[in-house]
Each structure stands twice: as C-alpha cells, then as structure tokens.
There are 2 protein chains.
Amino acid sequence: MLRLSKRVEYGLVALQHLAKRGDVATVREISDENNISYDLLAKIMQDLKRDGMIYSSQGVRGGYALMLAPNQIPVTRVVDALEDQSTITECTSDHESCTREGACTIQGPMHRLQEQVERVLNSVTIAQLL
Amino acid sequence: MLRLSKRVEYGLVALQHLAKRGDVATVREISDENNISYDLLAKIMQDLKRDGMIYSSQGVRGGYALMLAPNQIPVTRVVDALEDQSTITECTSDHESCTREGACTIQGPMHRLQEQVERVLNSVTIAQLL
DNA sequence: CCCATATCGGACTCTTTCAGTCCTACATAG
DNA sequence: CTATGTAGGACTGAAAGAGTCCGATATGGG
Ligand code: SF4
Ligand code: SF4
C-alpha cells in the first residue's frame, strides 16, 4: 500500500499541536480543534507517551506535553512508535521475516531502498510541520 | 502501513528476470524459478502489460518481454502500475480525496514528503536490480 | 485442421489490517 | 469527594491483501 496510517497522520497533527502550544494540552482539546475522533486519538497519545517523546499528567488540569524539542522528533520516530509494520518490506524489518528470504533476488536492492526512505523520513521533524 | 505490496515485489522480481533474460519468458518459467504463485504472478504480468512496460505474445512459444530498456523503468512506474494506493496519504493522490482536507494542518508537509519519496523511488530502476 | 501452450480476465475465498467505538479502572487538583 | 483527566483492554465493521479457480481466447506447429 505504501501509505501512512491515519494513526501516524493524527499523531503528527497532535505533536504539531503540542509544539505550537508549548504547554500541556488535553486529548479533548486536540481532538476538538482538529476534528479527530477522541477515542482514537487517546490511544495514539498513549502510544506516543510509551515511546517517551511526550509525557502525561493525569487528573484535573492534566494532559500531554512534549518531552523533546520539536526539531528533535523526526517523522521516523513517530512512525515507529505508532506503526507495527514501518518498513518497505518484511525482510528489511528486524522483528519480522519473510518465507522467501534466501530465494529472493531483490533483497539487496530493497535494503538500499529502505535506507533511502528512512533518510527522507529522518530529515523531516515536527519543527518542519510548523 | 508504509509497506510495498507483494504484488510490487513480485513484479520487480519478474521484471528483473525479464531483464536478465533479454528474451521472451513465460509466466510459468518466472514463477517456477522464483517460487512465486503462478496464478498470482499471471495477474501481475497482465497489469504490467496494460501499463505498457512489457508486451505479450499469446499461444505456443509466447510469453512476456520488456518493451523498454531496464534503466528506463523506474520503481515508481512499477508501483503505480500494480498498486491502487501508491501515495503516502490520500490527499497527495490525484484520484482520491480525504474528508479532512481543508481542516488538516499537515497537508503541506505531507505533499513535500510525498515528493521526496517519489524522488527516491524514481532514482531506482530495474537496471539497478541486476 | 487440431491440439498443446500461452495469455486474458472475472469471480471468489480467506486472512489480516485499519479505523473507530465502548466501557471500566485509576490518578489527582481543588 | 468529585469533576476532570489519562490508562488500557475488548470489540466491531469495513477494507485491503494474498492467493485460488475456472472458463475464454489466441497461436504456432504437426
Ligand atoms: S525477501 Fe523478497 S519477498 Fe521477502 S520481503 Fe524481502 S523482498 Fe519481499
Ligand atoms: S488531508 Fe490530512 S488527514 Fe487527510 S490525507 Fe491529507 S494529511 Fe491525511
């Protein structure tokens, strides 16, 4: 499919929101202002927190905020945090394996492609989304 | 998901095979030598033909062969021929549209990302797979 | 003229992934 | 102690992916 999941898109929007805000923001605030499903975004935020790029505080006046500077968060990291299958093929992933491996004649080129795609995704950070 | 479909991978393998051969090859030959499902590959070859990068001859001693030089077939073209959704997001596709368009705050950056990914996929051709 | 060999193309199944929802539990400031 | 948050599991429905099956059509060679 070669397509980013909605989870990643929403994650990027949310991180952009946090970056613009500079302060703690609630899921409700982000989901309302950006027309994103509250429940869905709530899950995404939890995943982003698990990764460590944002932190959370529970209870009244709680919410989420960035842990890092916007230019310290490349898109790659967001993709990795929100997507299980973030590689161009199975064989270029380290937690997957393809049954065709060994017989396949395009593994080399695929690895090289993967590298280049990662380079692109690494060169863009949340700071570029502002 | 950000992953190439098996259809694309098999298509690349088949094109690589045709390039190495330089002559007409049957689907059976390609599927056998590369451990790819015959039926599945047959469909893929039809799509590649429809695109115009290969031609076919039916009947006895028939098969498929390249229409273009290997370095004239970039990966992008193969992806476009074999995959409906070949873009990073819906809004960067020209035959799709996203309901969030207009409200979305990351459309610009996504378009720029799309361009860069295309540049990468365009820089690699079948000639690089040999 | 026939037949073996190919491509052509539609329909179909099974599995996985995706997007989104729902509901309960837990933490905490005021 | 309560309103306002996050935490997290389970669940649904729709869509995409991979692969199969079968009948039709074209064609070179005996
Ligand atoms: S080994 Fe070949 S078929 Fe398997 S994932 Fe890598 S490229 Fe794709
Ligand atoms: S408009 Fe926003 S949400 Fe819709 S596809 Fe483009 S980036 Fe994704």
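All chains are named by letter (A, B, ...) in the order of the sequence lines, taking the proteins before the strands, and each is independently numbered beginning at 1. These numbers come from a predicted model, not from an experiment.
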Consider the side chain of A:S37, meaning its heavy atoms from C-beta on, and name the nucleotide among C:dG20, D:dG19, D:dT6 that approaches it most closely. C:dG20
Rounded distance (Å) that lies between atom P of C:dG20 and atom CG of A:D47: 15 Å
Consider the side chain of A:D39, meaning its heavy atoms from C-beta on, and name the nucleotide among C:dG9, D:dG17, C:dC23 that approaches it most closely. C:dC23
Measure the distance from CD1 on B:I44 to P on D:dG19 and round it to the nearest whole Å. 9 Å
How would you label the contact of A:R50 with the nucleic acid (heavy atoms, under 4.0 Å): base, sugar-phosphate, or nothing? sugar-phosphate
NA contact type, B:K49, heavy-atom cut-off 4.0 Å: base, sugar-phosphate, or nothing? sugar-phosphate
Quick one: is C:dA6 close enough that its OP1 or OP2 comes under 4.0 Å of any side-chain N or O from B:Y64? no
Rounding to a whole Å, what distance do you find between A:D84:CG and C:dT17:C1'? 9 Å
Rounded distance (Å) that lies between atom C1' of D:dA16 and atom CG of B:L82: 15 Å
Answer with base, sugar-phosphate or nothing: what part of the nucleic acid does B:Y38 contact at a heavy-atom distance below 4.0 Å? base
How many whole angstroms separate atom CG of A:L48 from atom P of D:dG8? 13 Å
Does D:dA16 have OP1 or OP2 sitting under 4.0 Å from an N or O in the side chain of B:Q85? yes
State whether a side-chain donor-acceptor pair under 3.5 Å links A:E90 with A:S97. no
Ignoring hydrogens and geometry beyond distance, is a side-chain donor-acceptor pair present between A:T76 and A:E118 at under 3.5 Å? no
Measuring only between side-chain heavy atoms, which start at C-beta, is B:H111 closer than 4.5 Å to B:T87? no
Side chain of A:Q58 only, please: which of C:dA27, D:dA18, C:dT7 is the nearest? C:dA27
Nearest to side-chain heavy atoms of B:R61, which nucleotide of C:dT7, D:dG19, D:dG28: D:dG28
Under 3.5 Å, is there a donor-acceptor pair between the A:Q128 and A:T125 side chains? yes
Heavy-atom nearest nucleotide on DNA chain D taken for A:L2 and for A:A25; more 5' hit belongs to A:A25
Send over the distance from A:R3 CZ to D:dA16 P, rounded to a whole Å. 9 Å
Considering only heavy side-chain atoms of B:V60, the closest of D:dG17, D:dG28, D:dT4 is D:dG28
B:R77 and B:D80 ion-paired at < 4.0 Å: no
If you only use heavy atoms from C-beta on, which nucleotide in D:dG5, D:dA18, C:dA19 is closest to the side chain of A:L40? C:dA19
In whole angstrom, what separates A:D23's CG from D:dG5's P? 13 Å
Please state how far atom NZ in A:K6 lies from atom P in D:dA15, giving the value in whole angstrom units. 14 Å
Identify whether any heavy atom of A:M1 sits under 4.0 Å from a base atom; if not, whether one sits that close to sugar-phosphate; answer base, sugar-phosphate or nothing. sugar-phosphate
Is the phosphate of D:dA7 approached by A:S56 (side-chain N or O, under 4.0 Å from OP1 or OP2)? yes
Taking for A:S57 and for A:K43 the nucleotide of DNA chain C with the nearest heavy atom, the one nearer the 5' end belongs to A:K43
Partner of A:M53 by side chain to side chain contact (heavy atoms under 4.5 Å, CB included), out of A:I126, A:L66, A:V78: A:V78
